[in-house]
Amino acid sequence: MSTQALFATRASRMKASEIRELLKLLDQPGIISFAGGIPDPALFPKEEFAQAFQTAMTADHSDRALQYSVSEGYGPLREWLVDHMRGNGIDCGAENILITSGSQQALDYLGKLYLSPGDTALVGWPTYLGAINAFDAYEPRFDRLHLNGNQGAAEYAAAAGEGRVKFAYLSPDFANPTGETVDLRAREGLLDLADALDIAVIEDGAYQALRYEGDAIPPILALEQKRKGSIEACRTIYCGSFSKTLSPGLRVGWIVAAQPVIQQLVLIKQAADLHSPTLNQMATEQVARTCFDSHIPMLRRTYGARRNAMLQALEDHMPDGVEWTRPEGGMFIWLTLPEGADGAALLARSLETVKLAFVPGRAFFPDGSGANTVRLSFSNSDEATIREGIARLGQVLKTQIG
């Protein structure tokens with residue numbers, strides 16, 4: 001018997017992230033990459049982190065920094081997050097917060113908590129690839145979440161078959177991969193749908209802080225709390241992360257939810273990794289208190305200018321028939337090519353001829369559709385590089401689609 005024959009059935013659903021695999025190609029000289037949705041390391045608050053780690057390793061703090069800790073997370077960091085979430089309209093206590101090893105771990109835990117084989121997860125079409133991968137291990141079916149659409153609770157429930165709908169997942173602000181934002185009406189409508197279906201709402205707030213224009217829209221959890229009065233009555237689960245604002249390498253994220261949800265997630269974390277690294281949490285807490293409020297405006301100015309550069313370059317170089325989103329924030333612009341075009345073939349041609357990388361859109365669709373779409377990230381390239389890269393893309397597209 002082969003080793004693979006012993007694997008659980010869920011192993012057959014686990015696939016390598018196309019983005020992570022693509023990143024392996026980018027060490028080639030001369031490559032311009034709009035592929036990974038990663039922050040620019042030049043913008044990390046490195047001096048603040050150096051000081052924070054030095055402080056954590058002093059005699060007064062090192063015993064705690066290097067020791068086992070509680071599964072819920074480092075207390076001072078959770079208290080900072082209480083204030084941070086209050087600034088976003090969400091009134092919670094430290095008991096409503098669990099620290100995770102990045103928000104990706106949060107999605108895995110939530111999939112484990114909610115999904116039995118055959119249950120339905122409602123997601124965008126397209127949606128975040130990491131969410132598809134995290135949930136898919138628990139053997140669900142995926143159904144398309146129609147926001148501002150005509151599909152109601154009865155239709156979703158009927159489509160679920162013998163399983164049941166368990167949650168709706170979305171990133172309402174500047175979503176990965178499209179960069180689009182869910183408007184206030186659609187957020188309110190989603191809460192109505194969730195109540196009618198009696199399901200959870202998983203709100204991925206990874207990009208919420210990175211708004212470059214327009215007025216902020218309250219998080220879904222804040223809207224639900226306004227309706228119901230207390231976080232303990234809310235079905236929305238908010239997932240946050242420091243990866244796009246302070247540092248992705250430290251892997252510090254968090255979940256905000258009603259206490260019964262947090263308590264169950266704590267049990268999952270105890271079985272998985274006991275707790276997220278205390279040293280990283282301590283350093284993140286100090287840096288957040290020291291400079292978060294001043295750091296975010298700088299990120300908005302820098303990334304906003306890069307978004308503007310990419311949007312203008314697309315106007316200048318894209319052939320007829322190509323459409324794209326115009327995000328108000330985040331890190332991504334989504335291209336839709338004419339019907340019949342193939343993003344994967346375009347990538348192969350682009351790498352070969354003009355040394356440009358991006359992500360074909362098919363990976364973001366649970367059913368493998370969307371072949372004629374492409375995700376571009378502007379966060380890790382300066383404005384001159386963005387203009388050059390989009391010019392190269394336009395050159396390839398004009399030869400491919402005319």
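The basis for the numbers below is simple: all heavy atoms, side chains too, and nothing from hydrogens, waters or symmetry mates.
Distance CG/N380 to CD1/I38: 4.5 Å, rounded to 0.5 Å. Taken to the nearest 0.5 Å, the CG atom of L393 stands 6.0 Å off from the CG atom of L346. Here M310 contributes atom CE and M331 contributes atom CE; the two are 12.5 Å apart, rounded to the nearest 0.5 Å. The distance from atom CZ of R141 to atom CD of E162, rounded to the nearest 0.5 Å, is 12.0 Å. Within the model, atoms CG of D108 and OG of S103 stand 12.0 Å from one another, a figure rounded to the nearest 0.5 Å. Here CG of L274 is found 6.0 Å from OG of S71. Values are rounded to the nearest 0.5 Å.
Counting only heavy atoms from C-beta outward, the side chains of V256 and L81 never approach each other to under 4.5 Å. Between D40 and T302 the shortest side-chain heavy-atom distance does not fall below 4.5 Å. The closest side-chain heavy-atom distance from P126 to P177 is below 4.5 Å. Side-chain contact between C239 and Y109 is absent, with no heavy atoms from C-beta onward closer than 4.5 Å. Between E232 and P260 the shortest side-chain heavy-atom distance falls below 4.5 Å. Using a 4.5 Å heavy-atom threshold, the side chains of T127 and W125 count as separate. F167 has its side chain within reach of L115: a pair of non-hydrogen atoms, C-beta onward, lies under 4.5 Å apart. Using a 4.5 Å heavy-atom cutoff, the side chains of Y138 and P117 are not in contact.
Remark: the T55 side chain and the Q51 side chain contain an N/O donor-acceptor pair separated by less than 3.5 Å. Using modelled atom types and a 3.5 Å distance limit, the side chains of N176 and R375 yield a donor-acceptor pair. A donor-acceptor pair shorter than 3.5 Å cannot be found between the side chains of S350 and K355. No hydrogens or angles considered: nothing links the side chains of N88 and Y238 as a donor-acceptor pair under 3.5 Å. Of the N and O atoms on the side chains of R64 and S69, not one donor lies less than 3.5 Å from an acceptor on the other residue. Side-chain polar atoms of E383 and N308 form no donor-acceptor pair below 3.5 angstrom.
The residues D119 and K166 are annotated as salt-bridged, a charged nitrogen and a carboxylate oxygen being separated by less than 4.0 angstrom. Taking 4.0 Å as the cut-off between side-chain N and carboxylate O, D183 and R187 do not count as a salt-bridged pair. Checked for salt-bridge contact, R227 and E188 meet the test: a charged N lies under 4.0 Å from a carboxylate O. Ion pairing between D195 and K228 holds under the 4.0 Å rule for side-chain N and carboxylate O. Between R362 and D342 there is a salt bridge, since at least one side-chain N of the basic residue sits less than 4.0 Å from a carboxylate O of the acidic one. We find that R326 and E315 are joined by a salt bridge, their nearest charged nitrogen and carboxylate oxygen being less than 4.0 Å apart. A salt bridge links R211 with E328: the distance from a Lys NZ or Arg NE/NH1/NH2 to an Asp or Glu carboxylate oxygen falls below 4.0 Å. Salt bridge annotation for D382-R387: absent, with no cationic side-chain nitrogen under 4.0 angstrom from a carboxylate oxygen.
Here the side chain of E95 pairs no donor or acceptor atom with the backbone of Q259 at under 3.5 angstrom. A donor-acceptor contact shorter than 3.5 Å is absent between the side chain of T325 and the backbone of P327. Remark: the backbone N or O of T100 is not paired with any side-chain donor or acceptor of Q105 at under 3.5 angstrom. At distances below 3.5 Å, at least one donor-acceptor pair connects side-chain atoms of E155 with backbone N or O atoms of G152. Under the 3.5 Å distance criterion, the side-chain polar atoms of T181 are left unmatched by any main-chain donor or acceptor of D173. Checking side-chain atoms of S377 against main-chain N and O of A35 turns up no donor-acceptor pair under 3.5 Å. Using modelled atom types, no side-chain atom of Q225 and backbone atom of C234 make a donor-acceptor pair closer than 3.5 Å. T373 places no side-chain N or O within 3.5 Å of a backbone atom of L335 that could act as its donor or acceptor partner. Listed for the S276 side chain is a donor-acceptor partner under 3.5 Å among the backbone atoms of S101. For E224 (side chain) and T236 (main-chain N/O), a donor-acceptor pair under 3.5 Å exists by modelled atom type.
When all heavy atoms of I231 and A258 are compared, the pair lying nearest together is O-CB, 3.5 Å. Listed here is the closest heavy atom pair of A363 and L129: O-CD1, 3.3 Å. P218 and L223 make their closest contact through CB-CD2, 3.8 Å (heavy atoms, listed as atom of the first residue, atom of the second, distance). Taking both residues in full, the closest heavy atoms of F44 and L246 are given as CD2-O, 3.6 Å, listed atom of the first, atom of the second, then distance. When every heavy atom of S381 is checked against every heavy atom of R306, the shortest pair comes out as O-CD, 3.0 Å. In plain terms, the two heavy atoms of L397 and M318 that are nearest each other are CD1-SD, 3.5 Å.
Crowding of K226 atom NZ: a count of heavy atoms from other residues, nucleotides or ligands under 6.0 Å not exceeding 12. D367 CG: more than 12 foreign heavy atoms inside a 6.0 Å radius.
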*Determine, step by step, whether S243 and R251 satisfy the side-chain hydrogen bond (donor to acceptor under 3.5 Å, both in side chains) criterion, reporting the C-alpha distance in whole Å, the side-chain angles of both residues, the deciding distance to 0.1 Å, and the verdict.*
CA-CA 7 Å; S243 292; R251 311 307 303 132; 3.1 Å; yes

*asked:* Go through it in stages, so that I can follow the logic: the residues are L376 and W324, the test is side chain to side chain contact (heavy atoms under 4.5 Å, CB included), and I'd like the CA-CA distance, side-chain angles, deciding distance and then a yes or no.
replied: CA-CA 10 Å; L376 304 175; W324 56 90; over 6 Å; no

*Could you go step by step and tell me if D316 and Q312 meet the side-chain hydrogen bond (donor to acceptor under 3.5 Å, both in side chains) rule?*
CA-CA 6 Å; D316 293 341; Q312 184 59 57; 3.0 Å; yes

*Which is it for L107 and I202 under the side chain to side chain contact (heavy atoms under 4.5 Å, CB included) test, yes or no, and what are the steps along the way?*
CA-CA 9 Å; L107 298 179; I202 299 176; 4.2 Å; yes

*Tell me, with the steps shown, if Y74 and I99 meet side chain to side chain contact (heavy atoms under 4.5 Å, CB included).*
CA-CA 8 Å; Y74 180 55; I99 303 299; 5.8 Å; no

*Using the side chain to side chain contact (heavy atoms under 4.5 Å, CB included) rule, take I255 and I97 through it: C-alpha gap first, then chi angles, then the decisive distance, then the call.*
CA-CA 6 Å; I255 300 172; I97 296 175; over 6 Å; no

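The side chain to side chain donor-acceptor pair (under 3.5 Å) search around E203 returns none, not counting sequence neighbours. By the side chain to side chain contact (heavy atoms under 4.5 Å, CB included) test, I296 is found to be paired with A209, T245, F292, L299, R300, residues two or more places apart in sequence or in another chain being considered.
Considering Y212, Y128, F332 as possible partners of Y207, the one that fulfils the ring-ring contact (aromatic ring centres under 6.0 Å, His included) test is F332. Of the candidates L190, L193, L122, I237, V201 forms a side-chain contact (heavy atoms from CB on, under 4.5 Å) with just one, namely L190.
Ring planes of F142 and F135: tilted class, angle from 30 to 60°.
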